[in-house]
Amino acid sequence: MASTFEMIYQVVKKIPSGKVATYGQIALLAGNPRWVRVVGYALHVNPNPNEIPCFRVVNREGKLSSAFAFGGENQQRFLLEAEGVEFLPDGRVDLQRYLWNGID
DNA sequence: TTAATGACCTATC
DNA sequence: CGATAGGCCATTA
């Protein structure tokens with residue numbers, strides 16, 4: 001079924017390793033830039049956490065939301081660091097270098 | 001069917 | 001520069 005969630009999941013799964021994407025970027029790549037709310041909701045339900053790396057999805061500041069119920073916020077940082085993503089002293093991801101361009 | 005909520009973003013004061 | 005309000009879409013009650 002080609003629902004909005006499916007496209008969102010597709011984009012999230014398309015995020016290459018060692019890169020991060022913002023909700024707005026995903027929404028834009030999914031088809032509509034106003035799905036930022038839906039993206040958050042889609043990742044909230046997260047039916048396939050093993051296929052959908054929600055830890056690679058960050059907000060506009062490069063930080064993850066407080067409701068990260070995947071295993072803890074440390075888990076997100078740990079996974080991203082394991083992929084080679086650097087973190088700023090503020091606890092945010094260096095979007096300037098690790099933000100996904102939308103191109104594989 | 002209407003109303004309310006949400007892992008957001010942008011604009012305005 | 002910091003905080004507040006509004007808006008968009010889909011899902012749930």
Seminar exercise, completed: Rounded to the nearest 0.5 angstrom, the CZ-CG distance for Arg97(A) and Asp94(A) is 6.0 Å

For this session: Working to the nearest 0.5 Å, report the span between CD of Gln10(A) and CE of Met7(A).
Result: 9.5 Å

Problem set entry | Glu83(A) and Arg56(A): CA distance, side-chain angles, deciding distance, salt bridge (charged side-chain N to carboxylate O under 4.0 Å, His left out) verdict | CA-CA 10 Å; Glu83(A) 302 207 324; Arg56(A) 284 188 200 155; 2.6 Å; yes

Exercise. Rounded to the nearest Å, what distance is computed from the CD1 atom of residue Ile52(A) to the C1' atom of nucleotide dA7(B)?
Worked result: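 The distance from CD1 of Ile52(A) to C1' of dA7(B) comes to 13 Å, rounded to the nearest Å.
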
For this session: Send over the distance from His44(A) NE2 to dA7(B) P, rounded to a whole Å.
Result: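 The answer, rounded to whole Å, is 6 Å.
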
For this session: Quickly, which of Val38(A), Leu43(A), Val39(A) forms a side chain to side chain contact (heavy atoms under 4.5 Å, CB included) with Phe5(A)? Name it, please.
Result: Val38(A)

Exercise. So which of residues 3-20 of chain A are in contact with DNA chain C, with a heavy-atom cut-off of under 4.0 Å?
Worked result: Thr4(A), Phe5(A)

Exercise. Between residues 23-42 of chain A and DNA chain C, which residues have a heavy-atom gap below 4.0 Å?
Worked result: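 Going residue by residue through residues 23-42 of chain A, the ones with a heavy atom under 4.0 Å of DNA chain C turn out to be Arg34(A), Trp35(A), Arg37(A), Val38(A), Tyr41(A).
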
Problem set entry | Heavy-atom pair with the smallest gap, counting every atom of Val93(A) and Leu88(A) | O-CD1, 4.2 Å

For this session: State, to 0.1 Å, how close Ala21(A) and Ile15(A) come at their nearest heavy-atom pair, and which atoms those are.
Result: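 Minimum heavy-atom contact is CB-CD1, 3.8 Å.
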
Exercise. What pairs with Asp90(A) under side-chain contact (heavy atoms from CB on, under 4.5 Å), at least two apart in sequence or on another chain?
Worked result: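 Testing Asp90(A) for side-chain contact (heavy atoms from CB on, under 4.5 Å), a comparison that skips the adjacent residues, returns Arg92(A).
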
For this session: Under the salt bridge (charged side-chain N to carboxylate O under 4.0 Å, His left out) rule, collect the residues that match up with Glu81(A), sequence neighbours excluded.
Result: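 Partners of Glu81(A) by the salt bridge (charged side-chain N to carboxylate O under 4.0 Å, His left out) criterion come out as none, since no residue qualifies.
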
Exercise. Where does the chain A footprint on DNA chain C start and end, counting 5' to 3' with a 4.0 Å heavy-atom cut-off?
Worked result: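 Under 4.0 Å from chain A, the extent on DNA chain C is dG7(C) to dT12(C).
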
Exercise. Which pairs, with at least one residue in residues 26-40 of chain A and sequence neighbours excluded, count as a side-chain hydrogen bond (donor to acceptor under 3.5 Å, both in side chains)?
Worked result: none

Exercise. With under 30° as parallel and over 60° as perpendicular, where do the rings of Tyr41(A) and His44(A) fit, or are they tilted in between?
Worked result: tilted

